[in-house]
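Scope of the values below: all heavy atoms of this structure, side chains included, with no hydrogens, waters or symmetry mates. So you know, we letter chains A, B, ... as the sequences are listed, proteins then strands, and number each from 1. No experiment lies behind these values; they were computed from the predicted model shown.
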2 protein chains.
Amino acid sequence: MSTAEETAGGEVPPWGEVTPDAARRLLVAAVEAFAERGYHATTTRDIAGRAGMSPAALYIHYKTKEELLHRISRIGHEKALDVLRTAAESEGGPAERLAEAVRSFVRWHAGQHTVARVVQYELDALGPEARAEIVALRRQNDAAVRGIIEDGVAAGDFDVPDVKGTTVAVLSLCIDVARWFNVNGPRTPDEVGALYADLVLRMVGAKSRPPA
Amino acid sequence: MSTAEETAGGEVPPWGEVTPDAARRLLVAAVEAFAERGYHATTTRDIAGRAGMSPAALYIHYKTKEELLHRISRIGHEKALDVLRTAAESEGGPAERLAEAVRSFVRWHAGQHTVARVVQYELDALGPEARAEIVALRRQNDAAVRGIIEDGVAAGDFDVPDVKGTTVAVLSLCIDVARWFNVNGPRTPDEVGALYADLVLRMVGAKSRPPA
DNA sequence: TCCGAAGGTGAGCGCCCGCTTAGAGCGCCC
DNA sequence: GGGCGCTCTAAGCGGGCGCTCACCTTCGGA
């Protein structure tokens with residue numbers, strides 16, 4: 001019986017694919033610990049302890065502490081990319097697609113900000129080939145956003161002098177939400193997503209924005 | 001005779017206030033190491049080695065490794081705040097002041113991205129009271145930017161439905177430059193600053209933007 | 001000329017890290 | 001029902017960490 005856990009926010013963490021159960025518990029514990037203290041400041045004893053297991057149990061499911069981070073990074077990036085692509089390939093004009101992409105990407109980075117923090121800020125702790133794999137996934141993020149912006153420019157809906165620079169800025173804006181977002185703060189992930197979608201449409205000079 | 005060192009970029013690092021010379025060399029070495037590998041992954045032996053000294057020498061000038069980080073954080077934040085305030089208090093209308101603030105703040109985060117990275121991303125490694133001090137400095141950043149935006153709205157120059165949210169977004173956009181900026185990349189700090197100033201003026205719906 | 005403070009070193013202490021090993025518990029299939 | 005393989009634990013190894021200590025040099029002033 002796979003217990004489909006839910007967070008307080010109602011979002012389903014994407015760890016269903018991790019089996020067996022003990023491996024998933026360890027991974028969830030690692031996400032929490034890495035997000036709170038950072039990868040290097042987290043000990044394997046702390047991860048195992050949070051999962052209710054002995055330190056040695058970790059090494060039955062993962063070869064090293066770094067493999068845990070690698071798995072978290074890959075799954076997290078794939079999930080974020082999936083969210084972004086779904087929005088990018090939806091129906092509607094460039095403005096609707098860009099707004100939806102930013103809205104859902106930001107919602108993910110706010111709602112899953114523990115995962116997002118690990119995924120976005122612990123990249124350097126990975127070894128060379130693992131890092132290369134993650135960097136490749138990031139380039140796909142970039143391509144997805146740039147594609148929508150190029151569509152908008154081609155259709156005459158957007159006014160963007162510097163497509164590559166604007167793409168970087170839009171992604172940077174969304175990703176940094178994971179750094180500052182606070183669950184006890186005044187805004188919900190949905191509200192931040194809506195605000196940011198509007199701001200991004202302004203950045204690309206969208207001809208007409210939907211009313212707030 | 002304080003030797004005013006210059007980086008390749010021509011910017012003067014703000015470490016002139018750190019004396020004696022050995023203490024400054026250690027601090028500069030720590031900035032490099034923290035920026036490259038992160039605070040927790042950096043050893044005191046590495047810092048001392050980069051400064052050309054023995055591990056024990058560090059403790060003549062700093063009580064602990066954390067005190068080094070604290071000093072770096074405080075000086076870095078003060079410098080960034082100074083840059084921001086100078087622009088915020090300059091002559092001209094809200095649009096000019098906001099553009100200049102973003103331009104110079106981004107230029108600093110790109111040009112001094114090693115310092116900025118340490119300052120922005122290693123906050124959690126500080127103890128409670130040191131962290132509180134840094135957080136107070138950050139709130140002054142926020143106040144400076146919000147002040148300009150409020151001026152623009154009051155003057156009827158800006159169209160901003162959500163001043164607090166937009167302030168957070170603008171600062172977040174600027175700060176995240178430190179994460180992705182690459183010295184060997186295609187853009188100079190000046191170019192990124194100009195691009196971002198334009199994007200931010202679009203975000204606040206400035207009535208007329210100066211030509212690129 | 002000698003002195004004391006300031007700045008430096010080599011050696012190393014005690015601790016905790018990532019990770020390993022030997023073996024115990026336990027469900028499953030023949 | 002007995003052996004096997006999977007999961008997990010208690011104990012602990014080797015090493016590198018932050019930091020300290022005893023001692024050495026350098027140098028300006030009386």
Side-chain angles (χ1 to χ4, degrees), chain A residues 1-3 15 18-73 118 122 124-131, chain B residues 1-3 15 17-73 118 122 124-128 130-131:
Chain A
M1 310 295 151
S2 70
T3 50
W15 307 127
V18 182
T19 54
D21 191 71
R24 182 169 55 247
R25 268 160 44 219
L26 283 164
L27 191 136
V28 169
V31 168
E32 286 174 15
F34 291 163
E36 267 177 38
R37 306 215 238 286
Y39 174 80
H40 288 293
T42 300
T43 70
T44 53
R45 284 163 177 82
D46 181 30
I47 297 169
R50 284 178 194 243
M53 304 168 89
S54 78
L58 195 152
Y59 294 90
I60 294 162
H61 300 283
Y62 303 95
K63 275 213 310 259
T64 62
K65 179 179 153 188
E66 193 195 317
E67 190 192 316
L68 251 173
L69 177 61
H70 183 198
R71 287 271 253 274
I72 292 168
S73 270
V118 177
E122 302 291 354
D124 291 342
L126 255 27
E129 75 281 15
R131 181 159 58 238
Chain B
M1 311 307 139
S2 68
T3 50
W15 309 127
E17 60 259 62
V18 181
T19 54
D21 190 72
R24 182 170 54 247
R25 269 163 39 223
L26 284 164
L27 191 135
V28 169
V31 167
E32 287 174 13
F34 291 164
E36 267 177 38
R37 306 215 239 284
Y39 174 79
H40 289 292
T42 299
T43 71
T44 54
R45 285 163 176 82
D46 181 32
I47 296 169
R50 283 178 195 243
M53 307 169 86
S54 74
L58 195 151
Y59 294 91
I60 295 163
H61 301 283
Y62 302 96
K63 275 212 310 261
T64 61
K65 180 179 149 187
E66 193 195 317
E67 190 191 318
L68 251 173
L69 176 61
H70 184 198
R71 286 271 252 275
I72 293 168
S73 269
V118 177
E122 303 289 355
D124 291 342
L126 255 29
R131 181 161 56 238

Can you tell me the distance, in whole Å, between the [atom1] atom of [X] and the [atom2] atom of [N]?
| X | N | atom1 | atom2 | answer |
| --- | --- | --- | --- | --- |
| A:Leu68 | C:dG18 | CG | P | 11 Å |
| A:Lys63 | C:dT20 | NZ | C1' | 15 Å |
| B:Lys65 | D:dG16 | NZ | P | 16 Å |
| B:Ile60 | D:dC23 | CD1 | P | 17 Å |
| B:Asp46 | D:dG16 | CG | P | 14 Å |
| B:Arg24 | C:dG7 | CZ | P | 14 Å |
| B:Tyr62 | D:dG18 | OH | P | 16 Å |
| A:Leu58 | D:dT7 | CG | P | 14 Å |

Taking only side-chain nitrogens and oxygens of [X], does any of them come within less than 4.0 Å of OP1 or OP2 of [N]?
| X | N | value |
| --- | --- | --- |
| A:His40 | C:dC17 | no |
| B:Ser54 | C:dG8 | no |
| B:Tyr59 | D:dC19 | yes |
| B:His61 | C:dA6 | no |

5′-ward residue of the pair A:Thr43/A:Ala56 relative to DNA chain C: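 Between the two, 5'-proximity favours A:Thr43.
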Reported [atom1]-to-[atom2] distance for the pair [X] and [Y], which is rounded to 0.5 angstrom:
| X | Y | atom1 | atom2 | value |
| --- | --- | --- | --- | --- |
| B:Leu58 | B:Met53 | CG | CE | 8.5 Å |
| A:Arg24 | A:Trp15 | CZ | CH2 | 11.0 Å |
| B:Leu26 | B:Ile47 | CG | CD1 | 8.0 Å |
| B:Leu27 | B:Ile72 | CG | CD1 | 4.5 Å |

field: Shortest side-chain distance from B:Pro55, nucleotide among C:dC19, C:dT9, D:dC19
entry: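 Of all the options, the side chain of B:Pro55 is nearest to D:dC19.
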field: Nucleotide nearest A:Arg45 when distance is taken to its side chain, options C:dG18, D:dA10, D:dC17
entry: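 Comparing C:dG18, D:dA10, D:dC17 against the side chain of A:Arg45, the answer is C:dG18.
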message: Strictly by Watson-Crick or wobble contacts shorter than 3.5 Å, is anything paired with C:dC29, and which nucleotide is it?
response: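 Paired with C:dC29, as far as the under-3.5 Å criterion goes, is D:dG2.
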message: Treating primed atoms plus P, OP1 and OP2 as sugar-phosphate and everything else as base, which nucleotides of nucleotides 24-29 of chain C get B, S or - for protein heavy atoms under 4.0 Å?
response: ------
Side chain to side chain contact (heavy atoms under 4.5 Å, CB included) partner of A:Lys63, chosen from A:Lys65, A:Glu67, A:His61: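 Exactly one candidate clears the test, A:Glu67.
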field: Closest non-hydrogen atom pair, A:Ala48 against A:Pro55
entry: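 Smallest heavy-atom distance, with atoms named: CB-CA, 3.7 Å.
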Donor-acceptor list for residues 33-40 of chain B side chains, cut-off 3.5 Å, not counting sequence neighbours:
{"residue": "B:Glu36", "atom": "OE1", "partner": "B:Arg50", "partner atom": "NH2", "Å": "3.2"}
{"residue": "B:Arg37", "atom": "NH2", "partner": "B:Asp46", "partner atom": "OD2", "Å": "2.9"}
{"residue": "B:Tyr39", "atom": "OH", "partner": "B:Glu66", "partner atom": "N", "Å": "3.2"}

